[in-house]
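Because the structure is a prediction, the values reported are computed rather than measured.
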Amino acid sequence: MSDHPKISIISTVYNTGPYLRPAVESILAQTFTDFELLLVDDGSHDGSAAVCDALAQEDARIRVFHQKNGGLSAARNAGLDAARGTWIGFVDSDDYIAPEMYEVLYQAVQSTGADLALCDYAEVDETGALCPPMHISLAEQVFTGRELLKNATDTMIQPAWNKLYRRAIFAQLRYPEGKLNEDLFLIPEVCLQIQKAVVVPKALYYYVQRGGSIMSGNKTL
């Protein structure tokens, strides 16, 4: 594997058990192959850590990092610190992605000169059946960073994981640790770092709705 892959895909792992291998296999099946996959095990105690190590033995593009539990932001930040790619992507280890996701996003940034590409996503249940969408989809278009920020309420702009980011965006940025919905805290900062973002209105990411996840639990500000 190259020491300088085009894309670093960061997947944080915390007790994702039976979802972990399908998530990783969907990444390894990408039609765009010049990537590294960073699995950051955030102190799992359900056997996920061993699955990470086994997966790394199966594909040289996988690098595994084990750390004591610090939360999703700390795990993402560890991945950002270790990433070697020119571009960054995030895939949660209990979701999965379409085979062409990173090829489509990479072509989008290359053809437009954008610093960020974002695709639509589908909300699915644990069987893979589609759930009613809870977000507003955007049409294909190119935004400035500030225009993207103005459209960031209740749309596909908010999540961290349906995007391809120019790595330079994160030169001075890291996820705030100790907060739920950490994506929302960083998106305004990301928008202010970029000149141009391109929207791909195709659902290429599958966001799995399941009981017991961070997003399905009760939250407080």
Using every non-hydrogen atom in the two residues, find where [X] and [Y] come nearest and quote the distance to one decimal.
X      : Y      : result
Ser73  : Pro176 : OG-O, 2.8 Å
Val13  : Ser48  : CG1-CB, 3.7 Å
Glu36  : Pro5   : CG-CG, 3.7 Å
Ile9   : Ile7   : CG1-CG2, 3.8 Å
Ala117 : Val109 : CB-CG1, 3.5 Å

Do [X] and [Y] touch side chain to side chain, with heavy atoms closer than 4.5 Å?
X      : Y      : answer
Ile62  : Leu28  : yes
Gln30  : Met101 : yes
Ile157 : Leu118 : yes
Pro201 : Glu140 : yes
Gln209 : Met134 : no
Tyr207 : Asp95  : yes
Trp87  : Arg167 : no
Asp59  : Leu37  : no

Test item: [X] side-chain N/O and [Y] main-chain N/O as donor-acceptor pair under 3.5 Å:
X      : Y      : answer
Ser8   : Arg84  : yes
Glu126 : Val208 : no
Asp94  : Thr16  : no
Thr144 : Glu147 : yes

For this session: Run the numbers on Arg61 and Thr33 for side chain to side chain contact (heavy atoms under 4.5 Å, CB included), then give the verdict.
Result: CA-CA 9 Å; Arg61 293 173 295 180; Thr33 57; 3.9 Å; yes

Nearest-0.5 Å distance, [atom1] of residue [X] to [atom2] of residue [Y]:
X      : Y      : atom1 : atom2 : answer
Arg146 : Lys150 : CZ    : NZ    : 8.5 Å
Ser93  : Asn15  : OG    : CG    : 9.5 Å
Thr12  : Leu38  : OG1   : CG    : 11.5 Å
Leu164 : Leu116 : CG    : CG    : 8.0 Å
Leu186 : Arg76  : CG    : CZ    : 9.5 Å
Asp115 : Ile194 : CG    : CD1   : 6.0 Å

For this session: Decide side chain to side chain contact (heavy atoms under 4.5 Å, CB included) for Val124 and Tyr96; before the verdict, give the C-alpha distance in whole Å, the side-chain angles of both, and the deciding distance to 0.1 Å.
Result: CA-CA 10 Å; Val124 296; Tyr96 55 96; 3.8 Å; yes

Problem set entry | Any residue meeting ring pair (Phe, Tyr, Trp, His ring centres under 6.0 Å) with Phe65, in chain and number order, not counting sequence neighbours |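 Residues passing ring pair (Phe, Tyr, Trp, His ring centres under 6.0 Å) with Phe65: none at all.
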
Exercise. Going through the checks in order, is the side-chain hydrogen bond (donor to acceptor under 3.5 Å, both in side chains) test met by Asn69 and Tyr14?
Worked result: CA-CA 8 Å; Asn69 181 249; Tyr14 180 68; 4.6 Å; no

Exercise. Does anything in residues 173-204 pair up under ring-ring contact (aromatic ring centres under 6.0 Å, His included), and if so which pairs, sequence neighbours excluded?
Worked result: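 Listed by first then second residue: Phe90-Tyr175.
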
Problem set entry | Of all pairs that satisfy ring-ring contact (aromatic ring centres under 6.0 Å, His included), the ones with a partner from residues 107-136, not counting sequence neighbours |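 Checked against ring-ring contact (aromatic ring centres under 6.0 Å, His included) - neighbours excluded - the pairs reaching residues 107-136 are Tyr121-His135, Tyr121-Trp161.
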
Exercise. With Ser11, which residues qualify under side chain to side chain donor-acceptor pair (under 3.5 Å), at least two apart?
Worked result: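 For Ser11 there are no side chain to side chain donor-acceptor pair (under 3.5 Å) partners, ignoring immediate neighbours.
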
Exercise. Please, which pairs that meet side-chain hydrogen bond (donor to acceptor under 3.5 Å, both in side chains) have at least one residue in residues 188-197, sequence neighbours excluded?
Worked result: none

Partners passing side chain to side chain contact (heavy atoms under 4.5 Å, CB included) against [X] (at least two apart in sequence or in another chain):
X      : value
Lys6   : Phe32, Asp34, Tyr106
Arg174 : Asn77, Leu80, Asp81, Phe170
Thr86  : none
Ser111 : none

What residues, two or more places apart in sequence or in another chain, satisfy salt bridge (charged side-chain N to carboxylate O under 4.0 Å, His left out) together with [X]?
X      : answer
Asp42  : none
Arg21  : Glu25, Glu58
Asp125 : none

For this session: Show the numbers, then the answer: is there a side-chain hydrogen bond (donor to acceptor under 3.5 Å, both in side chains) between Ser137 and Asp120?
Result: CA-CA 7 Å; Ser137 297; Asp120 205 350; 2.7 Å; yes

Problem set entry | Enclosure of Gln110 CD (heavy-atom neighbours >12, cutoff 6.0 Å) |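 For Gln110, atom CD is crowded (more than 12 foreign heavy atoms under 6.0 Å).
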
Problem set entry | side chain to side chain contact (heavy atoms under 4.5 Å, CB included) between Ile27 and Ile97, worked out | CA-CA 7 Å; Ile27 297 168; Ile97 59 177; 3.9 Å; yes

For this session: Begin with the C-alpha distance, continue with both residues' side-chain angles, and end with the deciding distance and a verdict on side chain to side chain contact (heavy atoms under 4.5 Å, CB included) for Leu204 and Glu100.
Result: CA-CA 8 Å; Leu204 299 172; Glu100 70 275 25; 3.6 Å; yes

For this session: Determine whether Leu149 and Tyr165 fall in the same hydrophobic cluster, where Ile, Leu, Val, Met, Phe, Trp and Tyr are linked whenever their side-chain heavy atoms lie under 4.5 Å apart.
Result: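 No, because Leu149 and Tyr165 fall into different hydrophobic clusters, even though each may have its own neighbours under 4.5 Å.
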
